[in-house]
Amino acid sequence: MISRSEHCISRSNISKSALKVLYRLKEGGYQAFLVGGGVRDLLLGRHPKDFDIATDAHPEEVRSLFKNSRLIGRRFRLAHVRFGREIIEVATFRKSGTVGDDGEAEAQHTQRIVRDNEYGSIEEDIWRRDFTVNALYYNIADFSIWDFSTGMADIKDRTLRLIGEPERRYREDPVRMLRAARLAAKLNFSIHEDTAAPIPKLAGLIDGVPPARLFDEFLKIFQTGHALESYRRLSRHGLFGHLFPQTTRWLKTAPDDRRAGMIRQALENTDQRIVQNKPVTPMFLFAVFLWGAVSQRAAELGEREDCSEYQALMVAAGEVTAKQVTRIALPKRFSYPMREILQMQPRFLKQKGSRAMNLLEHKRFRAAYDLMLLRASAGELDQSIADWWTRVQTLSHDEQLVEFGLARSAGSPARKERAPRRRRSRQGKR
Ligand code: ATP
Ligand code: MG
């Protein structure tokens with residue numbers, strides 16, 4: 001037990017809502033602890049993303065203390081207490097289960113029914129946590145931290161270490177392997193060697209995780225500001241290929257580092273956007289990850305079957321996406337526009353005519369253009385074409401008409417006559 005004077009957590013850094021819940025539980029005669037990533041982040045001087053609370057109150061008891069709460073989950077019931085947009089999750093201490101113990105994810109993605117013997121004491125609760133640094137309990141009764149493992153020492157050493165026997169803990173819930181890579185990236189921690197050792201051997205267990213849960217995890221890995229570092233760690237531990245097998249295959253056949261560079265650049269851009277508070281969408285990263293596999297498949301189809309470039313790309317995008325969503329359940333509202341972005345790529349090669357100019361007005365132009373820029377940096381298309389598309393966006397409408405060969409510049413009669421011929425000869429070359 002680490003007393004109030006021996007640690008740096010101050011109530012002023014805990015959200016008002018979380019404090020309200022902690023105090024009301026305490027006043028109701030229950031134990032109430034802040035737990036998990038919230039405590040860890042406060043000890044590291046970071047702003048926690050969310051605050052989770054653990055208590056000995058049963059879910060129904062929590063429900064009756066808070067009008068603004070509802071119970072979720074079938075297998076393990078949790079209370080969500082809502083304050084405006086903020087949700088405080090309150091979980092009852094429970095014994096470590098036999099399989100995947102991540103309360104909310106399990107609750108959302110499995111259909112198994114609640115067993116009755118699930119509740120336990122705080123000493124039992126720690127065994128269902130993953131890493132020692134996530135198993136620190138901040139007690140609202142006296143502001144002490146309860147550390148049942150080596151959490152405080154591991155925070156100081158910036159080390160992620162699984163509680164218990166690593167191989168067993170990964171078999172219970174393979175998502176813990178992804179969490180190790182993600183949290184190490186996010187916190188700039190190292191993964192303890194005993195915790196890292198079984199990962200390459202067990203990485204294949206990721207294939208059995210429900211795709212909907214992997215989509216949730218995808219968002220946490222790639223859309224929260226540490227995508228590039230997470231990708232590096234996932235790749236190093238042999239995990240990335242289980243999330244995006246087709247991408248990995250495409251990277252393996254790369255003649256040089258430029259394909260990998262394209263992926264890294266996209267991830268870096270995504271991280272930058274988060275820093276700048278700009279919106280990010282999974283549709284774009286999926287397009288970047290899948291582009292290579294789609295274009296390879298389209299080339300195969302184009303050779304074998306008598307179909308146009310556009311048809312080949314459409315079929316290939318359909319096939320590759322269908323395979324990918326069996327791994328990570330990308331909702332249709334993202335997968336449809338993602339396919340559009342892929343299918344728009346050949347249109348950037350045509351710089352003349354009204355169809356080419358219409359591309360600028362396309363709903364997905366910006367995302368498709370961003371992907372095209374990345375492709376140019378990977379040497380897939382000429383940098384001068386990418387630069388041209390960058391430049392035409394800055395022009396006035398009239399100037400654009402000229403660029404796209406749809407108007408004669410400044411009314412010169414001589415040019416008027418030459419313009420169509422020039423257009424024809426350029427098309428001929430292509
Ligand atoms: P983040 O900063 O991304 O929120 P976190 O560690 O808080 O990281 P959450 O998903 O919010 O992650 O989970 C809250 C807590 O629940 C964790 O700190 C950990 O104690 C526990 N937990 C979450 N997922 C798992 C899991 N798969 N296995 C065991 N414990 C888990
Ligand atoms: Mg959290």
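Order of listing sets the numbers, starting from 1, for every ligand and every atom in it. Given the structure is predicted, the values throughout are model-derived calculations rather than measurements. Positions are given from 1 along the sequence.
- Shown in contact with K49 at under 4.0 Å from a heavy atom are these atoms of ligand 1, numbered in order with element: 1 (P), 3 (O), 4 (O).
- Residue contacts with ligand 1, taken as heavy atom pairs separated by less than 4.0 Å, do not involve T224 at all.
- Salt-bridge annotation for D257 and R264: present, with a side-chain N of the basic residue lying under 4.0 Å from a carboxylate O of the acidic one.
- Heavy-atom proximity to K220, at under 4.0 Å, picks out these atoms of ligand 1: 10 (O).
- Across the listed options R129, E89, H226, R129 owns the non-hydrogen atom lying nearest to atom 16 (O) of ligand 1.
- Annotation: the span from Y30 atom OH to H58 atom NE2 amounts to 9.0 Å, rounded to 0.5 Å.
- The contact set between ligand 1 and K186, taken as ligand atoms under 4.0 Å from a residue heavy atom, comprises 1 (P), 2 (O), 3 (O).
- Residue-to-ligand polar distances keep V175 apart from ligand 1: every N/O pair is separated by 3.5 Å or more.
- By the criterion of a heavy-atom distance under 4.0 Å, the backbone of R128, and not its side chain, is placed next to ligand 1.
- Checked against the 6.0 Å centroid criterion, the rings of F244 and F286 qualify as a close aromatic pair.
- With T132 contributing its side chain and I163 its backbone, the two residues share no donor-acceptor pair below 3.5 Å.
- Considering backbone and side-chain N/O atoms, R169 never comes within less than 3.5 Å of an N/O atom of ligand 1.
- Within the model, atoms CH2 of W127 and CD of E124 stand 11.5 Å from one another, a figure rounded to the nearest 0.5 Å.
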Query raised in the report: Can you list the steps and then say if N68 with R82 is a side-chain hydrogen bond (donor to acceptor under 3.5 Å, both in side chains)?
Result: CA-CA 6 Å; N68 50 333; R82 181 183 281 277; over 6 Å; no
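- Within the 4.0 Å heavy-atom cutoff, R46 does not count among the residues contacting ligand 1.
- Using a 4.0 Å cut-off between a side-chain N of Lys or Arg and a carboxylate O of Asp or Glu, R129 and D52 do not qualify as a salt bridge.
- D50 contributes OD1 as its N, O or S atom closest to the Mg ion (ligand 2).
- The main-chain N or O of R179 is never found under 3.5 Å from a side-chain atom of D130 such that the two would form a donor-acceptor pair.
- Contacts of D50 with ligand 1, taken as heavy-atom pairs under 4.0 Å, involve the side chain alone.
- Residue-ligand proximity: E172 is placed with every non-hydrogen atom at 4.0 Å or more from ligand 1.
- Compare R40, M177, R179 by their heavy atoms: the one nearest to atom 13 (O) of ligand 1 is in R179.
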